[in-house]
Visitor: 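Here's a structure for you.
Chain identifiers are assigned alphabetically (A, B, ...) following the order of the sequence lines, protein sequences preceding nucleic acid strands; residue numbering begins at 1 within each chain. Just so you know, these numbers come straight off a predicted model, no measurement behind them.
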2 protein chains.
Amino acid sequence: MSVNDRKMKVLQAIVDDYVTTNEPVGSKSLIERHNFPVSSATLRNDMAELERMGLIEKPHTSAGRIPSDRGYREYVDSLMTLDSLSDAERIEISGRIDESVGEVRDLLKNASAALSETTGYVSLVMTPKLAGSSLLQLKILMIEPGKALVVMVLSAGVVKDKVVRIPNFLTPDQLKEISDSVEKSLNGKPLDEITLVTLATSVKETKIPDSLLNQVLYETYTAIKQADRLDVYLDGEHNMLKLPDFSELSRARDLLGTLSHDGMVAGYVNEIEKENHGSSDTYMIRIGQEIALEGLEDCSFITTTYKVGDSISGNIGVIGPKRMDYSKVISQIDFVRYKLNDGIKKLNS
Amino acid sequence: MSVNDRKMKVLQAIVDDYVTTNEPVGSKSLIERHNFPVSSATLRNDMAELERMGLIEKPHTSAGRIPSDRGYREYVDSLMTLDSLSDAERIEISGRIDESVGEVRDLLKNASAALSETTGYVSLVMTPKLAGSSLLQLKILMIEPGKALVVMVLSAGVVKDKVVRIPNFLTPDQLKEISDSVEKSLNGKPLDEITLVTLATSVKETKIPDSLLNQVLYETYTAIKQADRLDVYLDGEHNMLKLPDFSELSRARDLLGTLSHDGMVAGYVNEIEKENHGSSDTYMIRIGQEIALEGLEDCSFITTTYKVGDSISGNIGVIGPKRMDYSKVISQIDFVRYKLNDGIKKLNS
DNA sequence: TTTGGCACTCGAAGGATAAGAGTGCTAATT
DNA sequence: AATTAGCACTCTTATCCTTCGAGTGCCAAA
């Protein structure tokens, strides 16, 4: 084993130890716990070198070493060995997710709950981005005078709807006429290409007075725009309070404060995804300072995607302390992702 | 002023001081801050008496006094003076709530956000209980072979729907036949009186084979049952970390742990409401140990109802430290409640 | 019933000290 | 050149002690 190889082993050992004990690790305990065929003095030299390379650091002059952000990065990129889930864990997760009844929303919520429960960290599940998916059907149904339901069927069988207000004296027949023309002209169009103008041109041929038409069109338009609204299911925030990493109240406060703006978190995930543009099934891992969200400096953020049909996907991930068992968490996310894909397929088929 | 009156004044002063300073209040500072026309020794006697009555207590032998749960109770029931909101607060709250677009769900979420924001505590908004409301319309619409949408209109104009799976070879005409018979026989029935049997009898006369019928009926039944699902919007949990009352990490952990089970909190609110059965517009206040939820021993829980139409109502409230400005919080809830009632009326009219 | 006075209590804050884990460096060894 | 033993040095943590001050309870006088 070359000297360089050993240094990397040392880094790996430091990360492993620090993750489990949450104590800066010193040369002596390193020797005790792992069987390095060298003395502690040698490890001290290696550790000094690793520090020079910026991979580990000491909290204080006379303390052991902890991994730096770059150290974790090196660990995750090159040193980590992936392990797999125990059967017990699989059963636990499956149980929670399979109890979902009927709606995608339940499924996503339960997946998030299962993920935060098994990891002990914060889980994140976002509804799929529908902006790029296309409109397969659109019907406007009269509920009662003045009130209608816009029902949209999107690619991959996703159904969205919204109650809208319409002019009181619009008749069901008139509404049907509008609905049919709109559907005819929008059919197959991607959601994000639909504008108010598109809608207006689609009903040019009808004989319904503009005054009535306009309100219906506008409401239909808002319904379409709202169809791709992003919902975020964050779960397990309170888990972070159990971690020694956040035993300082101010850290915990900053963290939970930021996490309470789920829109911010979602926005950040979308940014990350843009950078990795669309390579699905891969894991995006952000460590410590790499995360551009206030209060998450001591966290790592792991995300990946789940699928709804072929072209539509949503995000799923975990926010935990930098000091986490990356390998384990990734396999946990992976299994939840698998169950989620599966559940959605069953629901939407 | 009688001696007894003064004792109550002293209690009031202690609560007021303790709420603002979060320090046990002693006889001397009491004299300084309020103009009692007596000496500190006299107040000491009064305080000893109040303690004998169980209304105040000392954390330690040589500390000042803090209100006991019963002390707060006395304060809330008899001593508190209600004040009103500042214009700035009204505008702040109105702004947040008025920006809601289109859906009741947004409105509830925003109301909850506004409430947690202005109080600085945890807010709670629950969707209305629909179990008792009745079914005015029910339509089952074919979306594509194998998939249909069940649309229900309930009292007070509330619309609910759910995508369900149906047998692949069921024709739109058959579906319409089922839909019409079901609607005819269920019309006006309260949701909680509808059973699978009710549904089955309603379609006895149709000529559709049972094998097809049963799945549709079952799915419709689950759609109806799911219509009155209770959603809970808890917001501002992280605010609690800012309070000195929860600067002990373990307290904060217990509190947020319990609050993360929003189902538990919702269940508790329903219990409270049953006890107060249905007297609307009143405030239900639980203080400290009166709250039967783990981790909320140092909290107070104030709830009331908002209205959707005449007969349907939901709950809204705040969870904060016992040591809160009750009067202020109540007026804040009251204003949010008012804005919420108003917003719903506008949406549903 | 109220008041001044006084002894007493107890927590919070501030040092001082000792223990312990860990480091860096030097000189010797392989 | 790489490794090792040894040792002086550093820095944190825990513990104990002291002091300080706010507050109490109670007694005797008004």
Side-chain angles (χ1 to χ4, degrees), chain A residues 1-11 13-15 17-18 20-68 71 244-245 247-248, chain B residues 1-11 13-15 17-18 20-68 71 244-245 247-248:
Chain A
M1 182 163 62
S2 86
V3 178
N4 200 54
D5 280 356
R6 194 188 55 219
K7 275 208 295 267
M8 285 307 147
K9 287 260 181 216
V10 171
L11 175 57
I14 290 175
V15 174
D17 278 15
Y18 184 61
T20 55
T21 65
N22 189 34
E23 308 264 296
V25 359
S27 53
K28 207 168 172 191
S29 55
L30 214 44
I31 288 278
E32 273 169 29
R33 211 186 297 254
H34 309 262
N35 355 2
F36 284 103
V38 292
S39 75
S40 66
T42 310
L43 290 195
R44 274 205 289 285
N45 290 333
D46 288 349
M47 286 160 84
E49 179 67 15
L50 284 170
E51 184 167 1
R52 237 166 284 134
M53 295 163 70
L55 298 175
I56 59 180
E57 53 198 27
K58 341 186 238 263
H60 315 287
T61 320
S62 75
R65 303 301 212 298
I66 61 175
S68 67
D245 312 68
S247 60
E248 236 170 297
Chain B
M1 182 164 60
S2 88
V3 178
N4 201 54
D5 281 356
R6 191 186 58 219
K7 276 209 296 267
M8 285 306 145
K9 286 262 182 214
V10 171
L11 175 57
I14 290 175
V15 173
D17 277 16
Y18 184 61
T20 55
T21 65
N22 189 34
E23 309 263 298
V25 358
S27 53
K28 206 166 171 191
S29 54
L30 213 46
I31 288 279
E32 273 169 26
R33 212 186 296 253
H34 310 263
N35 353 3
F36 284 102
V38 292
S39 76
S40 66
T42 309
L43 290 195
R44 274 205 290 286
N45 290 334
D46 287 348
M47 287 160 84
E49 178 68 14
L50 284 170
E51 184 168 3
R52 237 166 282 134
M53 296 163 69
L55 298 175
I56 59 180
E57 54 199 25
K58 345 185 236 261
H60 316 286
T61 320
S62 74
R65 304 301 213 296
I66 61 174
S68 68
D245 311 69
S247 59
E248 235 171 297

Visitor: May I have the distance from B:Phe36 (atom CZ) to C:dT3 (atom C1'), rounded to whole angstrom?
Guide: 17 Å
Visitor: Does any residue of residues 22-29 of chain A have a heavy atom under 4.0 Å from DNA chain D, and if so, which ones, in number order?
Guide: none
Visitor: To the nearest 0.5 angstrom, please state how far the CD1 atom of A:Ile56 sits from the OH atom of A:Tyr18.
Guide: 12.5 Å
Visitor: If you compare all heavy atoms of A:Gly64 against all heavy atoms of A:Pro59, which two are closest, and at what distance to 0.1 Å?
Guide: O-CD, 3.3 Å
Visitor: Determine whether B:Val25 and B:Arg33 make a side-chain contact, defined as any pair of heavy atoms from C-beta on separated by less than 4.5 Å.
Guide: no
Visitor: Could you tell me the separation between the CD atom of B:Glu32 and the P atom of D:dA22, rounded to a whole number of Å?
Guide: 10 Å
Visitor: Can you check the A:Ile31 CD1 to C:dT23 P distance for me, whole Å?
Guide: 11 Å
Visitor: Within the pair A:Ser39 and D:dT3, is there a side-chain N or O less than 4.0 Å away from OP1 or OP2?
Guide: no
Visitor: Kindly say if B:Arg6 contacts the phosphate of C:dT2, meaning a side-chain N or O under 4.0 Å from OP1 or OP2.
Guide: yes
Visitor: What distance separates B:Ile14 CD1 from B:Leu55 CG, expressed to the nearest 0.5 Å?
Guide: 9.5 Å
Visitor: Determine, for nucleotides 8-16 of chain C in 5'-to-3' order, which nucleotides have protein heavy atoms under 4.0 Å from the base (write B), from only the sugar-phosphate (write S), or from neither (write -).
Guide: -BBS-----
Visitor: Please give, in whole Å, the distance from D:dG23 P to B:Asp17 CG?
Guide: 11 Å
Visitor: Can you tell me how far apart CE (B:Met8) and CG (B:Leu11) are? Round to the nearest 0.5 Å.
Guide: 6.0 Å
Visitor: Quick check for you: to the nearest 0.5 Å, what is the distance between B:Glu57 atom CD and B:Glu51 atom CD?
Guide: 8.0 Å
Visitor: Spell out, as yes or no, whether a donor-acceptor pair under 3.5 Å connects the side chain of B:Ser68 to the backbone of B:Gly54.
Guide: yes
Visitor: What's the shortest heavy-atom distance between A:Val15 and A:Pro67, and which atoms?
Guide: CG2-CG, 3.7 Å
Visitor: Nearest-Å distance, NZ (A:Lys7) to C1' (D:dA2)?
Guide: 12 Å
Visitor: For a quick check, with a 4.0 angstrom heavy-atom cut-off, what is the B/S/- contact string for nucleotides 25-30 of chain C, read 5' to 3'?
Guide: ------
Visitor: Can you identify which nucleotide, out of D:dG25, D:dT4, C:dG24, has its nearest atom closest to the A:Lys58 side chain?
Guide: C:dG24
Visitor: Nearest whole angstrom, please: distance from the C1' of C:dG24 to the CD of A:Glu51.
Guide: 11 Å
Visitor: Decide yes or no for B:Asp46 and B:Glu49: does some side-chain heavy atom of the first lie under 4.5 Å from some side-chain heavy atom of the second?
Guide: no
Visitor: What's the separation between atom CZ in A:Arg65 and atom CG in A:Leu30, rounded to the nearest 0.5 Å?
Guide: 10.5 Å
Visitor: Separation of A:Tyr18 atom OH from C:dG22 atom P, in whole Å?
Guide: 14 Å
Visitor: Hey, what do you get for NZ (A:Lys9) to NE2 (A:His34), rounding to the nearest 0.5 Å?
Guide: 11.0 Å
Visitor: In whole angstrom, what separates B:Met47's CE from D:dG23's P?
Guide: 9 Å
